[in-house]
Each structure stands twice: as C-alpha cells, then as structure tokens.
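What you are looking at is a predicted structure, and each value in this text was computed from that prediction instead of being measured.
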Amino acid sequence: MIQRPRGTADRLPDAAPAWRAVIEAFERECGLRGFQPISTPTIERTELFTRTTGAATDIVQKEMYSFDDRGGDALTLRAEGTAPVVRAYLQNGMHNLPQPVKLCYVVSVFRYDRPQAGRYREHHQIGAEALGDESPAVDAELIDLLWSTYRALGLHDLRLELNSLGDADTRPAYRQALVDYFTPLADRLDHESRARLSTNPLRILDSKHPDTARLCEGAPRPIEYLGGPARAHFQELRSLLGALEIPFQINHRLVRGLDYYNRTVFEFVPPGEGAQRTVGGGGRYDDLAELLGGARVPGVGFGSGIERILLGLERLERMPDGAPSVAAYVAPLTAAALPEALRTARRLRQAGVAAACGFSAASPRSHLRRANGMQARAAILIGARELERGMVAVKPLDGGRQEEVPRDRAAAAVRAIVQAAP
RNA sequence: GUGGGCGUAGCUCAACUGGUUAGAGCGUCUGGUUGUGGCCCAGAAGGCUGGGGGUUCAAGUCCCCUCGCUCACCCCA
C-alpha cells in the first residue's frame with residue numbers, strides 16, 4: 001500500500017482540539033497586539049533561502065526540499081518562516097504602511113532530515129514578524145507575544161534564553177576572536193566544530209559535544225564584542241522584559257542556526273535535558289531585507305513548532321481534548337421517512353443546531369445505539385406515526401422524557417435539551 | 001549522513017526451547033421478534049505475522065537483505 005512520505009504525519013480528528021487550541025491561542029494573542037495574518041506560498045525560489053539562511057548552514061547544505069520545476073526554475077519548499085515574509089513585505093511595498101508592520105502566520109515547514117522525537121520532515125510553525133522598526137520595544141513585544149501564547153495554553157515551565165550577537169560591523173572582530181581562541185585548541189574539538197572553525201565559527205558555541213562544550217566555557221562571549229548601539233539595544237531589551245515581568249536567562253552560547261540574525265536572539269526551552277529541546281525561538285534580522293536586494297528594513301520575529309508545543313502540553317498533561325459531537329441525531333425509521341429526516345436535519349442546521357442524519361431506515365434500537373455512540377444530546381425519531389401527523393419525536397439521550405413536537409419545533413426542543421444539562 | 005531498539009488484526013498485546021487451521025481484549029458491524037440507546041449476551045468482519053530471499057520435514061519464531069517505525073548523534077521548530 002502507498003504510505004505517507006517519511007517524516008510526515010496524518011493528523012486525525014482526535015488531535016484536532018489540541019491543534020485548534022494552539023492556533024486559537026496564538027491568533028488571539030496576535031489580535032490583541034494588532035498583528036495581522038499573512039500567507040505566503042509554500043514554494044519559493046531556492047535563492048530566497050540560500051541567500052538569507054546562510055550558505056554554510058545545515059538547512060541550506062543538506063536539509064532543503066529543492067527541485068527544478070518544468071520551466072526550469074529552481075524552487076524550494078518553505079524551509080523557514082521568516083525570509084518569505086520579508087520577501088512579501090518588500091515585494092508588496094509594505095514599507096508604505098505605518099511601521100512597524102506586524103505580521104503573523106501558521107505554516108508548514110519542510111526539512112529533509114532523519115525524523116525523531118519532535119523532528120519531522122514537514123512540521124508546523126506559528127510565527128510572527130515585526131518589520132520596519134528597530135526599537136528594542138518591538139523585540140520585547142514579540143517575546144511577550146510568544147510568552148503569552150505559551151502561558152495561555154498552560155505551557156508555563158519554559159525557560160527563556162536570551163543573547164545578543166551584535167551587528168555586522170562588530171561581527172568580524174568577534175568571529176576572529178573565536179577563531180583565535182579555538183585554533184590552538186583545534187585538536188580537542190569534535191569533527192564538526194573543527195570544520196566550522198573556517199566555515200561558521202559561531203556555530204561551535206552551541207555544540208552539544210561534551211569536550212567542545214567544555215572548551216566553550218572559556219570562549220569569548222558575543223556580548224563582550226557588542227558595539228555601542230547594540231549594547232544599548234540589548235540593555236534596553238533586558239530592562240523592558242523586566243518591566244513586563246518575563247523571566248529570562250542570558251545564554252552566552254545561544255547563536256541559532258540561521259545566519260541572518262543580529263543583535264537579539266532568543267529561545268524558549270523546556271526544563272531538563274533531551275534532544276529537540278527548542279520549542280520556539282527567533283531574533284532580530286536588521287540586514288535580511290538587504291540580502292534580498294531590498295532597502296534596509298530592520299525586523300524581528302520568531303517561529304515556534306506546533307508539534308513541540310503539543311509535546312510540551314503532553315508533558316504537563318495539559319493536552320486539550322474533547323470529542324466534538326453533534327447536538328442531534330435524526331433517525332429515519334422507515335424508508336418513507338428518509339426525505340423528511342434529511343429535511344429535519346437541514347432545519348436544525350439552519351437554526352444553528354449541529355445535527356447528523358441516519359442515512360438509511362433502521363430500527364429505533366439501531367439508530368439510538370448510533371446516536372449514543374456519537375454522543376449526541378438528543379435523537380429525533382421519524383417513523384410512520386410521526387410522518388402521518390407531521391410531528392417528530394424528540395428523545396433526550398441523558399435519560400429524559402421523550403416528547404413529540406411539530407416539525408418546525410424540533411430545533412427549539414433540541415436546544416432546550418442541550419441547555420437543560422450543559 | 002552515522003549508530004541503537006523494534007515490526008503479529010484499526011488499537012494494545014499473546015503464541016513454551018522452530019511443531020496442527022496465528023489467539024485475546026478494546027474498537028467496528030449485525031443480531032438479541034411488535035417503534036427505543038448506554039450495561040449485558042451472541043455472532044461476524046478484520047492478518048500475505050512489513051516485504052523478499054535462505055536454512056529446515058516444518059519458520060511469526062533462526063540467518064541474510066530490504067522497507068518502515070522509533071530513539072540518539074547531527075540539526076532545529
């Protein structure tokens with residue numbers, strides 16, 4: 001049998017309540033802050049990601065779903081959430097809107113990787129970006145947005161880690177300092193890190209390799225190399241987070257895996273050890289728009305994996321569930337009653353009452369079993385007797401007394417039953 | 001890309017050291033006589049034991065390959 005591609009998932013109905021809860025919580029928090037939804041294509045020109053994410057990053061080097069389409073264009077399935085939004089901002093002239101432009105989205109992200117706990121080839125992210133303003137208050141609001149979303153869901157034990165990477169003008173000096181520090185120690189670095197010494201030295205810092213990690217303790221820290229403006233920006237952000245009473249912790253080794261970040265970077269991580277820890281993360285990217293050939297547009301944003309949020313809720317046993325069901329089940333007892341059953345179901349729905357209809361004549365027993373199985377609140381029986389009198393029989397399924405009502409009173413009767421015992 | 005663990009019904013699991021026709025619970029469906037559900041009872045459907053090859057009189061069981069799932073490295077959300 002044909003099976004789903006590796007690392008993808010079917011999301012079955014019983015997962016819907018939790019999924020919906022996450023998205024609704026996020027959308028609510030976005031709405032409360034004036035973030036507006038944006039949607040961009042699932043496919044983008046490959047160059048969008050290679051130019052921004054960084055040619056030396058693993059995402060670009062080995063994790064992108066890239067292909068040439070029939071016209072020969074090099075395209076890639078969305079590998080990351082931010083670059084497409086920045087592209088859309090530039091392409092649609094959104095710099096003419098009041099700044100900052102605050103946008104939010106829910107998207108699929110695709111990365112070719114060996115699947116494991118919390119890691120999939122297609123995963124889903126909630127994300128938000130604020131473009132056109134470099135105030136640290138914007139950084140603070142974004143962090144607040146994500147933090148508040150977690151809190152609204154009951155995901156209260158994540159630790160916020162924060163760091164500042166400085167600006168492009170001080171990066172070379174810091175990079176050199178790292179190279180100077182690690183080069184004499186190169187033979188004690190793990191393989192990957194040794195290679196990164198020449199390609200992407202900052203990434204050595206978040207290696208989980210024990211020996212490398214130990215060496216990182218004594219490594220120069222990014223904040224020691226911040227320029228004046230970046231230092232002030234970071235200082236102000238920390239102060240604003242304090243004012244918002246959002247606890248955080250400076251992590252001098254937090255660098256993130258995408259090259260476009262400058263100044264603020266942050267991650268939310270669950271307590272304890274374990275792989276795939278980051279639930280959400282982001283940062284500032286004031287140079288990203290220029291990389292795309294646009295004007296300079298400062299920006300800050302985040303992405304958070306929906307699957308990982310769900311993992312966190314599961315860990316805390318706060319997974320939203322609940323069987324979605326209909327209020328009424330309409331039961332045609334004879335073939336002659338079927339048309340009236342369908343009409344009754346429609347009348348209920350037009351009155352806003354969720355109703356399922358039995359699709360073939362069967363015994364009351366059989367229909368009631370079915371109604372009970374789908375946890376309907378009431379059954380509406382229509383047989384020869386009801387047809388003859390233009391009535392329907394409304395039976396509460398919680399043990400209440402059955403009554404016969406005129407056809408056009410069915411919705412009201414169901415409503416009364418639902419309201420009597422919510 | 002590298003390494004470990006695991007693949008039996010839709011789900012959770014059985015099947016003594018290789019030995020009849022691979023079972024159970026849950027779930028699903030159908031019944032339990034006149035038009036009344038949940039509980040209970042009965043019955044049914046549902047398996048190429050992931051796939052292929054090998055060893056053997058005999059393979060769910062042993063061996064090889066492969067695919068898949070899973071966990072870790074790596075990477076990140």
- Message: So, OP1 or OP2 of B/rG38: does either fall under 4.0 Å of a side-chain N or O from A/R369?
- Response: yes
- Below 4.0 Å: OP1/OP2 of B/rG1 and any side-chain N or O of A/R114: no
- Query: Can you find a heavy atom in the side chain of A/I309 that is under 4.5 Å from one in the side chain of A/W19?
  - Reply: no
- Pick the P atom in B/rC64 and in B/rU55, then give their distance to the nearest Å. 15 Å
- Using atom types as modelled and distance alone, determine if a side-chain donor or acceptor of A/T170 lies under 3.5 Å from a backbone N or O of A/D167. yes
- Query: What interatomic distance, in whole Å, is found between C1' of B/rC67 and the corresponding atom of B/rG51?
  - Reply: 7 Å
- Under 5.5 Å and under 30°: A/H367 stacked on B/rG37: no
- Message: Counting the atoms with a prime plus P, OP1 and OP2 as sugar-phosphate, which does A/L258 contact under 4.0 Å by heavy atoms, base, sugar-phosphate, or nothing?
- Response: sugar-phosphate
- Query: Counting only N and O atoms by type, is there a donor-acceptor contact under 3.5 Å from the side chain of A/E307 to the main-chain atoms of A/H124?
  - Reply: yes
- Message: What contact category does A/R370 fall into here, base, sugar-phosphate, or nothing, at under 4.0 angstrom with non-hydrogen atoms?
- Response: sugar-phosphate
- Touch check for A/A384, heavy atoms < 4.0 angstrom, all strands: base, sugar-phosphate only, or nothing? base
- Message: When the P atoms of B/rG50 and B/rU12 are compared, how many Å lie between them, rounded to an integer?
- Response: 14 Å
- Task: Using only side-chain N and O atoms of A/R111, determine if any of them is under 4.0 Å from OP1 or OP2 of B/rC74.
- Result: no
- Query: Taking only N and O in the side chain of A/Q116, is any of them less than 4.0 Å away from OP1 or OP2 of B/rA72?
  - Reply: yes
- Message: From CD1 of A/I59 over to P of B/rG1, roughly how many Å is that when rounded to an integer?
- Response: 18 Å
- Using the P atom on both, measure B/rG46 against B/rG68 and round to a whole Å. 29 Å
- Whole-Å C1' distance, B/rC39 and B/rC16: 38 Å
- Query: Where do A/T149 and A/E29 land on the side-chain hydrogen bond (donor to acceptor under 3.5 Å, both in side chains) test, with the steps shown first?
  - Reply: CA-CA 6 Å; A/T149 300; A/E29 296 298 328; 5.4 Å; no
- Query: For the side chain of A/R6 and the base of B/rC67, is some donor closer than 3.5 Å to an acceptor across the two?
  - Reply: no
- Item | Expected output: side-chain A/R415 to main-chain A/A351 donor-acceptor under 3.5 Å | yes
- Task: Could you work out the separation of B/rA15 and B/rU20 based on their P atoms and round it to a whole Å?
- Result: 14 Å
- Polar pair under 3.5 Å, donor/acceptor by atom type, side chain A/Q3, base B/rG50: no
- For A/R256 and B/rA77, is the shortest distance between a side-chain N/O and OP1 or OP2 below 4.0 Å? yes
- Query: Base, sugar-phosphate alone, or nothing: which one does A/G81 contact when heavy atoms must sit under 4.0 Å apart?
  - Reply: nothing
- Item | C1' atoms of B/rU61 and B/rG18, separation to the nearest Å | 6 Å
